[in-house]
Amino acid sequence: MDEGKNDLRLTRRSFLAAAGVVGAALFLKANAPAVAAAIAGSDKKLVWLRGSGCGGCTASMLNGGDPDVLSALEKVGLEPEYHDEFMLQQGVFVDGSLSGSSDHNSRIRLSELLAGGDYVLVVEGAIPDGPEGSGRYCMSGAMPFKQLFTEAAPGASCIVAAGTCASYGGVSRLFRAADAAGVAFGGTSRLKGAMSRYGVDNKVINVPGCPTHPEWLLLVLADVLSGRDVALDMYGRPVALFGATVHDSCPRRGAYDRGDRDNEFSGGNCLYSLGCKGPLAYADCPTRRWNGASSMCTRAGGPCVACVEPAFPDAFMPFFGKSESKELFADLAVDDIAKVVIGASAIGAGIHAVKRLAIGESGREEKGEKK
């Protein structure tokens, strides 16, 4: 592992170039020099486990501006000690027993890391309990992933749930027989999360997204290493990254306010009538952007599907249809939530959903729509 890891190392100059592309260097230099100083002296171990998912969050990290992002993690003080997709070792069993040493056997390597404790645990993918409580719908080597999670979670200094599957169950939750949950939440409920289910207690930060943005993950890891108390919202997401809706800063926001709605794709106006869930999705995608800060869903012509939300994806389907009459939480539909929100404070989804309702109820006709 050490030889292979050393082969990945970058020079300081190449690291700064890579980190600059993904935004971490700018954050460390301009916004939090104390964080940078703390990270410079850190040698925390990073254990990355993958449960039920597509592996897209790992792919997103690798596409974060440079294929050497794992080396960038190492340079900011996180030693990527375990990731089953990248490490050279294999899990080797002879007659059902682990064989060899940690230099060649990944499972022995992992056991030693967990025994040492004090590592940052990144969990990617959901944690299935099915079928019938066995957890065998998702195996890691010869072990149900839920067992691996319960062994790894208690010794972590912090757990970061990377992606919507790890945060809330995500797409994996749709397969009901798998009974999949996120680390701390099962959809919108903490009571249905894996932590509650298996009696594990630890600090968890959710970094959702399908996939998660590499900058979100790097910045959260930087905060974790510095020991800062990260402010989280009611669903365990960092407020600094998920505190405003996509709609607030959407590049098509002007078209929405003018009532210029597209009823077909490629029109260049607001995508609300084509199913955009931007008013319901809390993330800084419009200002951070993706793919080297070049684009994001609505800028590229696709509606936001609210992939960062706990109820994703089932509550937001069909993706290309309006969701105002869609039931979201506990028999409440978007219309109902919006009316409550507008009565308390004009924020988030409510103000705009109610604005649309008000226009309709007053008999006015929105541009491009029939009453």
Side-chain angles (χ1 to χ4, degrees), residues 48-57 121-140 143-154 156 158-212 216-217 220 230 232-239 242 277 280-283 305-317 323 326-334 337:
W48 186 306
L49 301 180
R50 297 192 303 158
S52 176
C54 66
C57 292
L121 176 62
V122 174
V123 177
E124 175 184 358
I127 304 167
D129 196 60
E132 299 176 352
S134 68
R136 297 183 67 83
Y137 272 134
C138 182
M139 301 292 289
S140 179
M143 181 185 296
F145 183 73
K146 75 169 191 176
Q147 181 180 343
L148 187 61
F149 169 76
T150 56
E151 291 182 3
C158 181
I159 301 174
V160 177
T164 300
C165 285
S167 297
Y168 310 117
V171 173
S172 299
R173 203 178 65 245
L174 289 181
F175 177 42
R176 305 300 181 194
D179 195 11
V183 173
F185 284 83
T188 58
S189 172
R190 283 184 183 273
L191 297 177
K192 297 180 180 179
M195 300 277 288
S196 175
R197 178 180 287 175
Y198 305 125
V200 178
D201 185 19
N202 208 329
K203 178 181 180 181
V204 179
I205 299 177
N206 288 327
V207 189
C210 190
T212 191
W216 293 339
L217 196 54
V220 167
V230 181
L232 304 177
D233 69 7
M234 64 186 297
Y235 297 120
R237 302 173 293 193
V239 174
F242 301 94
K277 312 300 189 298
L280 305 172
Y282 284 77
V305 296
C307 72
V308 296
E309 291 303 309
F312 175 85
D314 41 348
F316 299 100
M317 295 188 292
S323 62
K326 182 79 175 179
E327 181 179 298
L328 287 181
F329 316 118
D331 299 327
L332 286 175
V334 174
I337 295 172

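Numbers here simply count residues along the sequence, with the first being 1.
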Minimal non-hydrogen separation, A180 against S172, with atom names: CB-O, 3.8 Å

Work out which heavy atom in A181 is nearest to a heavy atom in A194; give both atom names and the distance. CB-N, 4.0 Å

Between atom OH of Y168 and atom CZ of R237, what is the distance when rounded to the nearest 0.5 Å? 4.5 Å

Side chain of T164, backbone of C307: donor and acceptor closer than 3.5 Å? yes

Contacts table for residues 201-210: side-chain donor-acceptor under 3.5 angstrom, sequence neighbours left out:
| residue | atom | partner | partner atom | Å |
| --- | --- | --- | --- | --- |
| N202 | ND2 | A153 | O | 2.7 |
| N202 | ND2 | A156 | O | 3.0 |
| N206 | ND2 | Y235 | O | 2.9 |

Pairs in or reaching into residues 183-192: which pass salt bridge (Lys or Arg N to Asp or Glu O under 4.0 Å), with residues at least two apart or in two chains? none

Which pair of non-hydrogen atoms, one from L191 and one from S196, has the smallest distance, and what is that distance? O-OG, 3.4 Å

Rounded to the nearest 0.5 Å, what separates atom CZ in R50 from atom SG in C138? 10.0 Å

Give the minimum heavy-atom separation between K146 and D129, together with the two atoms involved. NZ-OD1, 3.0 Å

N/O donor-acceptor pair under 3.5 Å between S52 side chain and P128 backbone: no

For F149, the ring-ring contact (aromatic ring centres under 6.0 Å, His included) test, sequence neighbours excluded, returns none

Sub-3.5 Å donor-acceptor pair from the side chain of E309 to the main-chain atoms of Y282, do we have one? yes

When rounded to the nearest 0.5 Å, the distance separating CD of Q147 from OH of Y198 is 11.0 Å

Partners of F312 by ring-ring contact (aromatic ring centres under 6.0 Å, His included), sequence neighbours excluded? F319

Hits for salt bridge (charged side-chain N to carboxylate O under 4.0 Å, His left out) against R173, two or more places apart or cross-chain, chain-then-number order -> D314

For A162 versus V122, what's the shortest heavy-atom pair and its separation? CB-CG1, 3.8 Å

Has R136 got more than 12 heavy atoms of other residues, nucleotides or ligands less than 6.0 Å from its CZ? no

So which atom in F145 and which in V123 form the shortest heavy-atom distance, rounded to 0.1 Å? CZ-CG1, 4.3 Å

Show your working on side-chain contact (heavy atoms from CB on, under 4.5 Å) between V230 and V220 and close with a plain yes or no. CA-CA 8 Å; V230 181; V220 167; 5.8 Å; no

Does F175 have any ring-ring contact (aromatic ring centres under 6.0 Å, His included) partners at least two apart in sequence or in another chain, and if so, which? Y137

Hey, are D179 and R197 close enough for a salt bridge, meaning a charged N less than 4.0 Å from a carboxylate O? yes

Would you indicate whether the side-chain heavy atoms of C158 and L121 approach each other to under 4.5 Å? no

